Enquirer: 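To start, I am sharing the structure in question, which I have written as structure tokens.
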2 protein chains.
Amino acid sequence: MNDTEETPGRSERRDAAENRQRILEAALRLFEQQGVEQVSMNQIAIEAQIGPGTLYRRYRNKGELCLDLMKENIVLLFENIETHLKQHRADPPSQRLKGLLALFIRFREKKSQLLTGVEESASTNRFKSRTQSPLYLELHELLVELFDEMKVDGQSSPNQPDSVFKADMLLMALSSESYLFQRDERGYSPEKFLEQIWLTFHS
Amino acid sequence: MNDTEETPGRSERRDAAENRQRILEAALRLFEQQGVEQVSMNQIAIEAQIGPGTLYRRYRNKGELCLDLMKENIVLLFENIETHLKQHRADPPSQRLKGLLALFIRFREKKSQLLTGVEESASTNRFKSRTQSPLYLELHELLVELFDEMKVDGQSSPNQPDSVFKADMLLMALSSESYLFQRDERGYSPEKFLEQIWLTFHS
DNA sequence: TTGACAAGCGGAGACATCTCCGTTTAATAT
DNA sequence: ATATTAAACGGAGATGTCTCCGCTTGTCAA
């Protein structure tokens, strides 16, 4: 939970660890007060009493910071998903898909603002790489497995799109931009959204 | 073609019209030299020899400017689509959908950079309102009609998602973020992408 | 022609992102 | 203890977005 970096290389310097704490606390405080969207990296640096350079050394953008603030919840999400998939091993894959989607949507509701924060900076910055975040990579893998299983069972239509492609499309459909638009503009409740998205991708 | 504004109210002031021309020419020049992505509103203002305020008065962001530069092509796109739909009136709706998608993908390839420009500023700014652009609204309408028709024909699965929802998802799938990722990272050619997207949404 | 005035202009400036680099400092070796 | 050094710091500044507002200028009516 402590490892922002993969390489265990050497332990974090004391002052650095201190600053990391300061940043996370400051960000959390400001996010709660003003909403993720409204808070700038600058404000966070000031609130944490560090220079902008120090903040950017650790988090290249607000998205990475948001991701760090969600680490625990993401781990929990995947634990829940694993559990669910195991418990329903016997169900048809499209049913397990629905369960997975339900869990993800619940997660997305709980961490709505932070997730949006992640996605916005991710697409502003890297090579369109919201899709590279470990969160999405891991979900993608699970989805591909499920879709492949559906194909084999093959009660459904004869020619289906590639599972990788289909998983990509489903993840687009689950993005903040898509989900919040459906919820806030089209007026779908989370449950209705789940129903619709499942109908769109289950076969 | 001249109407950036809906209200015909009163004709454009002479100096304003002049500036509009200057802006469009400057933008086109810079976009060609450096690519849409790399050019800032600032540079455009300087190249057009006007103040930043003047530029922003006319175009609230780079996206609007890109849209204006594409106006003609968008009109042509819709003419092509209308023509195609009429000529294939007798074909099954899913076939007409494929034609429409092919036309859109061709358009998207031709105007790739500008379209990305539109979508990026649109989502950075307004209420997630890439979806509000007339381009997408009009496409959405056409898609809904086709999906509704497919439902009625009803050879396909019994319960389908709402056509509005499905059209929204399809448009997400056709966005720059999605399309360019598939093309550049997953390595799908435009033709393969068309095939896959059609398989995903035709039923 | 002239006067009035809405529309347009433009640049200063508020803020934001992000980088560069000289300085400081914690950790480790001696 | 002290020296060494890689890492971390911090803030100035380059560049960008976007707004505000006093000034200028077409346009139209008289």
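Quick note on labels: first sequence line is chain A, next is B, and so on, each numbered from 1. This structure is a prediction, so every number in the text was calculated from the model and none was measured.
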Enquirer: Quickly work out the Gln21(A) CD to dA8(D) P distance and round it to whole Å.
Expert: 16 Å
Enquirer: Give a yes/no answer on whether the side chain of Arg13(B) brings an N or O atom under 4.0 Å of OP1 or OP2 in dC9(C).
Expert: no
Enquirer: Please determine if a side-chain N or O atom of Arg14(B) lies less than 4.0 Å away from the OP1 or OP2 oxygen of dT27(D).
Expert: yes
Enquirer: Round to a whole Å and report the spacing from CG of Asn19(B) to P of dG26(D).
Expert: 11 Å
Enquirer: Any base atoms under 4.0 Å from Ser40(B), or only sugar-phosphate, or nothing? Heavy atoms, all strands.
Expert: sugar-phosphate
Enquirer: Answer yes or no: is there a side-chain heavy-atom contact under 4.5 Å between Asn80(B) and His84(B)?
Expert: no
Enquirer: What is the distance, rounded to the nearest whole Å, between atom CZ of Arg58(B) and atom P of dA7(C)?
Expert: 14 Å
Enquirer: Starting from P on dT24(D), measure out to CZ on Arg57(B) and report it in whole angstrom.
Expert: 16 Å
Enquirer: Can you tell me the distance, in whole Å, between the CD atom of Glu18(B) and the P atom of dG10(C)?
Expert: 11 Å
Enquirer: Would Asp68(A) and Arg58(A) pass as an ion pair if we require N to O under 4.0 Å?
Expert: no
Enquirer: CD1 of Ile44(A) versus P of dC18(C): gap in Å, rounded?
Expert: 12 Å
Enquirer: Hey, does the side chain of Thr54(B) come within less than 4.0 Å of dG10(C)'s phosphate (OP1/OP2), counting only N and O?
Expert: yes
Enquirer: Rounded off to whole Å, could you give me the CG-to-P distance for the Leu65(B) and dC18(D) pair?
Expert: 12 Å
Enquirer: Tell me which one of Phe181(A), Phe104(A), Tyr179(A) satisfies ring pair (Phe, Tyr, Trp, His ring centres under 6.0 Å) with Phe193(A).
Expert: Tyr179(A)
Enquirer: Please report the end-to-end axis angle for the helix from dT1(C)-dA30(D) to dT30(C)-dA1(D), five pairs per end, rounded to 10 degrees.
Expert: 0°
Enquirer: Nearest-nucleotide wise, let me know which of Met41(B) and Arg22(A) is further upstream toward the 5' end of DNA chain D.
Expert: Arg22(A)
Enquirer: Would you kindly give the CD-to-C1' distance between Gln43(B) and dA14(D), to the nearest whole Å?
Expert: 13 Å
Enquirer: Looking at Glu119(A) and Arg108(A), is any side-chain nitrogen of the basic one under 4.0 Å from a carboxylate oxygen of the acidic one?
Expert: yes
Enquirer: Between Glu195(B) and Lys98(B), does any NZ, NE, NH1 or NH2 come within less than 4.0 Å of an OD or OE carboxylate oxygen?
Expert: yes
Enquirer: With Asp15(B), which residues qualify under salt bridge (charged side-chain N to carboxylate O under 4.0 Å, His left out), at least two apart?
Expert: Arg13(B)
Enquirer: Mind checking if Asp15(B) touches a base, just sugar-phosphate, or nothing, with heavy atoms under 4.0 Å?
Expert: sugar-phosphate
Enquirer: When you measure from the side-chain N and O atoms of Gln49(B) to the phosphate of dG10(C), is any distance below 4.0 Å, counting only OP1 and OP2?
Expert: no
Enquirer: Just by modelled atom types, is the Glu64(A) backbone N or O under 3.5 Å from a matching donor or acceptor in the Asn61(A) side chain?
Expert: yes
